[in-house]
Amino acid sequence: MFVHRRRGWEIPENRVTPEHIFHQRRALAKTLAAGPILAAAAPLLGAGRAFAASDPSAGLYPVERNPKYTVDRALTPERIATTYNNFYEFGSSKQISPAAQRLETRPWVVEIGGAVEKPMKIDIDALLKKMPLEERVYAHRCVEAWSMVVPWSGFPLKALVDFARPLGSAKYLVMQTFKNPKVAPGQRQIWYPWPYTEGLTMFEAVNELSFMVTGLYGKPVPKQNGAPLRLAVPWKYGFKHVKSIVRFEFTDKRPVSFWEKLQAKEYGFWANVNPEVAHPRWSQASERDIGTGERIPTKPWNGYGDYVAAMYANLKGEVLFR
Ligand SMILES: Nc1nc2c(c(=O)[nH]1)N[C@H]1C(S)=C(S)[C@@H](COP(=O)(O)O)O[C@H]1N2
Ligand SMILES: [Mo]
């Protein structure tokens, strides 16, 4: 994401970063430089692999693929989808996967509150046992005009909504990422409105495409991709896909999301994919597939119009495509 008002993040990083973090980064850079040696010593212990083996949910995967959700493009290689990421909690580059390994994803408690019959806290592994797991291949289109095609595992968000039993007054579902600046260096950059927050209307939340991701490529979802629980709403830009969720809140008030707070003219609430509506600073007409490197035309609603366009028929006054 490129934010372009003159703000703290445009100052060279050694001036805005507290000293100790700057030194930690240099230490990390050294560790990375030593990578090939470590890799040679332990060829089977790539970060993602080691995590999958120790994850208590590892035995749940792979789950059966739902043939209804496929994409007419090649799957993005796993290595690429798991090493080219946006996760600002761990840095603003795409290469945050090593830093994200510091996130501890067990125990992981998910809070469900706001306008519900009974607020609750539930452990992720207990939740996984209650939810109907399946695999879906979805196209994933970032607002920065790159995209990938990935096999997510998880469950329909509607199953979680039914489980939460929201009250009739609920109009929106707000989802929030963890906040722990001790493990997530990005969260020490206080000019960002942490924790990362996103939301959907209740109509969107119960749409059949809205999916809670718990796995990727037939394994638990890696930390850098939002373990242990992240959202996938494939007709919307990638920034709606909030990662590493700890809280669901049902409310009658439209939330202001992370990027909207930073730059409302560029990143809105609806964020539906539309090749004809340019971002203020670049075209959205095409996208680069990060697997093949090819530039391909972007589809309206990212190709999912049959599932979702009707939801917006009466919302013409809204800024739906940003
Ligand atoms: N908590 C959190 N969630 C996030 C982000 C982030 O920075 N923090 N980035 C978003 C953006 S811009 C994109 S494109 C996707 C990237 O998901 P991926 O790394 O699995 O491809 O995550 C989204 N979810
Ligand atoms: Mo994105």
Side-chain angles (χ1 to χ4, degrees), residues 1-3 9 48 75-101 103 105 108 136-154 174-181 183-187 189 192-200 211-217 219-248 255 257-263 266-268 271-273 279 281-282 284 287-291 298 302 322:
M1 199 83 59
F2 319 103
V3 179
W9 56 90
L75 276 191
T76 299
E78 177 178 357
R79 192 185 48 78
I80 295 178
T82 56
T83 54
Y84 183 93
N85 302 102
N86 271 335
F87 202 165
Y88 273 63
E89 284 81 346
F90 295 102
S92 54
S93 83
K94 297 289 180 276
Q95 284 74 45
I96 53 74
S97 57
Q101 303 317 308
L103 178 63
T105 52
W108 191 273
R136 297 181 176 191
V137 176
Y138 276 173
H140 176 52
R141 170 57 160 88
C142 176
V143 72
E144 297 162 341
W146 54 264
S147 67
M148 60 184 192
V149 179
V150 289
W152 304 116
S153 307
V174 183
M175 289 157 266
Q176 278 183 326
T177 298
F178 72 89
K179 184 172 175 185
N180 185 350
V183 301
Q187 293 184 332
Q189 302 184 312
Y192 286 113
W194 310 111
Y196 199 99
T197 301
E198 264 301 344
L200 298 171
F211 199 58
M212 290 312 311
V213 170
T214 61
L216 190 57
Y217 298 93
K219 286 168 282 191
V221 62
K223 299 183 183 194
Q224 60 271 29
N225 296 88
L229 188 65
R230 67 83 70 82
L231 178 67
V233 278
W235 72 101
K236 292 181 181 285
Y237 290 117
F239 67 86
K240 296 292 293 185
H241 298 52
V242 45
K243 291 179 169 178
S244 305
I245 298 170
V246 293
R247 181 166 169 84
F248 293 86
S257 58
F258 181 84
W259 289 107
E260 191 179 4
K261 263 185 199 145
L262 281 167
Q263 198 73 324
E266 305 196 349
Y267 311 106
N272 297 306
V273 175
H279 181 276
R281 289 181 283 117
W282 59 84
Q284 295 291 21
E287 63 205 52
R288 184 176 56 88
D289 182 306
I290 60 164
T298 290
N302 202 24
R322 170 193 86 200

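Whatever order the structure lists ligands and atoms in, that order sets their numbers, starting from 1. In this chain, residues are counted from 1 in sequence order.
Partners of Trp108 under the ring-ring contact (aromatic ring centres under 6.0 Å, His included) rule, at least two apart in sequence or in another chain, do not exist in this structure. Scored by the salt bridge (Lys or Arg N to Asp or Glu O under 4.0 Å) test, Arg230 finds no partners at all (sequence neighbours excluded).
Gln187 places a side-chain N or O within 3.5 Å of a backbone atom of Asn180 that can act as its donor or acceptor partner. Between the side chain of His140 and the main chain of Val150, no donor-acceptor pair closer than 3.5 Å is present. Judged purely by atom type and a 3.5 angstrom limit, Asn302 uses its side chain to pair as donor or acceptor with the backbone of Pro234.
Taking only nitrogen or oxygen atoms, main chain and side chain alike, Trp146 does not reach within less than 3.5 Å of ligand 1. In terms of N/O distances under 3.5 Å, ligand 1 is not approached by Tyr84. Checking only distances, Tyr88 does come within under 3.5 Å of ligand 1, N or O to N or O.
Near Met148, with a cut-off below 4.0 Å to any heavy atom, the atoms of ligand 1 are 21 (O). Those atoms of ligand 1 with a heavy atom of Cys142 less than 4.0 angstrom away are 14 (S). Near His140, meaning under 4.0 Å from one of its heavy atoms, ligand 1 places the atoms 15 (C), 16 (C), 17 (O), 21 (O). Listed by number with element, the atoms of ligand 1 under 4.0 angstrom from any heavy atom of Phe239 are 10 (C), 11 (C), 12 (S). Those atoms of ligand 1 with a heavy atom of Asn225 less than 4.0 angstrom away are 18 (P), 20 (O).
Contact annotation for Tyr196 and ligand 1: only side-chain heavy atoms (C-beta onward) come within less than 4.0 Å of the ligand.
Summarising the contacts of atom 11 (C) of ligand 1 with Gly238, Ser244, Ser92, the nearest heavy atom is found in Gly238. Comparing Lys240, Arg230, Gln187, His241 against atom 17 (O) of ligand 1, the shortest heavy-atom distance belongs to Arg230. Remark: among candidates Val242, Asn86, Thr177, Val221, the nearest residue to atom 12 (S) of ligand 1 is Asn86, based on non-hydrogen atoms.
Using 4.0 Å as the threshold, Glu198 has no heavy atom nearer than that to any atom of ligand 1.
Ionic pairing of Arg322 and Glu266 is not present here: no N-O contact between side-chain nitrogen and carboxylate oxygen is shorter than 4.0 angstrom.
Pairing each heavy atom of Gln284 with each of Val143, the nearest pair is NE2-O, 3.0 Å. Taking all atoms of both residues into account, the shortest heavy-atom contact from Thr82 to Gln224 is O-NE2, 2.8 Å.
For the side chain to side chain donor-acceptor pair (under 3.5 Å) with Trp259, the lone residue among Tyr196, Tyr88, Tyr192, Tyr237 that qualifies is Tyr196.
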